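Labels below follow one simple rule: chain letters A, B, ... track the order of the sequence lines, proteins then strands, and each chain is numbered from 1. Source: prediction; values computed, not measured.
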Protein chains: 2
Amino acid sequence: MYSKKSPKEILHQYGLKVTNARVKVLHVLMQSQVALSHGDIFSRINGNGLDKVTLYRTLSSFVNAGLAHKVATEDRTWLHALHMPEERDEGVEDHAHFVCDTCERIYCLPLVTEAAAAVPIKESGFQVKSHEYRLHGTCPECH
Amino acid sequence: MYSKKSPKEILHQYGLKVTNARVKVLHVLMQSQVALSHGDIFSRINGNGLDKVTLYRTLSSFVNAGLAHKVATEDRTWLHALHMPEERDEGVEDHAHFVCDTCERIYCLPLVTEAAAAVPIKESGFQVKSHEYRLHGTCPECH
DNA sequence: AATATTATTGCAACAAAGTTGCATTTTTGC
DNA sequence: GCAAAAATGCAACTTTGTTGCAATAATATT
C-alpha cells in the first residue's frame, strides 16, 4: 500500500533527518493497517532498545511533518497512523476513523470529501477547516 | 433550550438518584452551550465543596445513564455535554462536534442523519453503530 | 573524508488526568 | 422513620505523557 518508497526516502521527502528511531517507527507504521498506540509501537520495536521518550518525540515529529496523524481514543491515549498515500500526495485534511467496539482497533478509512462537505452547519458562523469522521461499530475481523 | 424540566426531574427520568452533586453538575451542564471539562465544571461548582472524585463519578453516571456524552480532546481530556433534547427523546446516536482551533471550545451540533449515513464505507465488512463527526475551524465567537 | 553545526537521543525526575479502596454519609422504597 | 443500597470524600495510586540537560548522531560544508 505504501508502494515502492523506503522509510528513508519518505523521511527525506518530509524533511526529517534519517535516524534509527525514525526508520524503525516508520517501518512499523507502514506495516500496520490500523492506528497504533505508543505501547503497540514500543513493544514491536524493543528489543532494539528505544527510549519511550524518543518514541513520543518521534511520533510527534511525524505529526508535525505531516507524515502521520493521531487519533484520541476512548481511554485517553493517542493512536498514530500514517496518512493515506492519496492524502500524502494531495494534502487532504479529512479523516474517517472506524473504531471497532469489539477489538478496539481503529482503522483509518479514506473519506470522500463531498460527504464531509455535506454536513450541515446550519448554525452559520462556523468556519470549518478540517474534518474527522468517527464511526463506531464492528470491524470485519470481529464478525 | 433544555426547556421546562428541572434537574431533579431529569435525574428521575434517567433513573439516577437525586443527590446534591448531581443536581449541581447537571445544572452547570444545562447552562452551557459547549462541552465542559472536569476542570470547567469543578471550578464552577466549588465553593460548594465537591470532591474531584465525586465529580468524575457523577459525570460517569451521566454518561452511563445516557443523559450526557463525552468527547476526547486534543490534550487527552474529556469534555462532557448533555445530549441534545431531540436526542434525549429519540435515542439518536449521531454526534457532530465542532472544535474551535482558536478558543478551543467544543460545540455539540445537531447532525442530520442522512449526511452521516452517506459516508462511504466502501470497504465492506464494517458494521456502523454510531457516528461522531468532528469538525475543526473557527467558531462564531472567534471571527 | 574530517569537521562544525544542529538536531536527536537517553535518562531521570516530574506533571496531569483519572482511578481504586474503603469507611462514612445520603437516598429511597417500604 | 428504617433498612438496604448507592453515593460521597479522602488518601494513595496508576497511567500517560512531558521537561531539562548532557551525551550522541546526522548532515552540509569544506
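- B/Ser61 contributes atom OG, which lies 8.0 Å from atom CG of B/Leu67 (distance to the nearest 0.5 angstrom).
- The distance from atom NZ of B/Lys24 to atom P of D/dT8 is 10 Å, rounded to the nearest whole Å.
- A ring-centre distance under 6.0 Å is found for A/Tyr56 and A/His38.
- Of the candidate nucleotides C/dC22, C/dT9, D/dA7, C/dT9 has the atom nearest to the side chain of A/Arg57.
- Look at CG on A/Asn20: it is 15 Å from C1' on D/dT27, rounded to the nearest Å.
- Heavy-atom minimum distance, B/Ala21 versus B/Thr58: CB-OG1, 4.0 Å.
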Original post:
Which nucleotides of nucleotides 12-19 of chain C have their base under 4.0 Å from a protein heavy atom (B), which only their sugar-phosphate (S), and which neither (-), written as one string 5' to 3'?
Top reply: B----BBB
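- In this structure, the CG atom of B/Leu11 is 12 Å from the P atom of C/dT27, given to the nearest Å.
- Here the straight-line distance linking atom NZ of B/Lys17 with atom NE2 of B/His12 works out to 10.5 Å at 0.5 Å rounding.
- The residue among A/Leu16 and B/Thr19 whose nearest nucleotide of DNA chain C lies closer to the 5′ end is A/Leu16.
- A straight line from NZ of A/Lys70 to P of D/dT16 spans 15 Å, rounded to a whole angstrom.
- A/Leu59 places its CG atom 14 Å from the P atom of D/dT16, with the value rounded to the nearest Å.
- Taking atom NZ of B/Lys17 as the reference point, atom P of D/dA7 lies 6 Å away to the nearest angstrom.
- When the P atom of D/dG17 is taken as reference, atom CG of A/Asp40 falls 11 Å away, rounded to whole Å.
- Of all non-hydrogen atoms in B/Leu50 and B/Phe42, the two that sit nearest each other are O-CE1, 3.0 Å.
- Here the CZ atom belonging to A/Arg22 is positioned 11.0 Å from the CG atom belonging to A/Leu59, to the nearest 0.5 angstrom.
- For A/His12, taking side-chain heavy atoms from C-beta onward, the closest of the listed nucleotides C/dG10, D/dA6, D/dT27 is D/dT27.
- Residue A/Leu29 comes nearest to A/His80 through the heavy atom pair CD2-O, 3.6 Å, listed as atom of the first residue, atom of the second, then distance.
- Between the CG atom of B/Leu55 and the C1' atom of C/dT20 there is a distance of 17 Å, given to the nearest Å.
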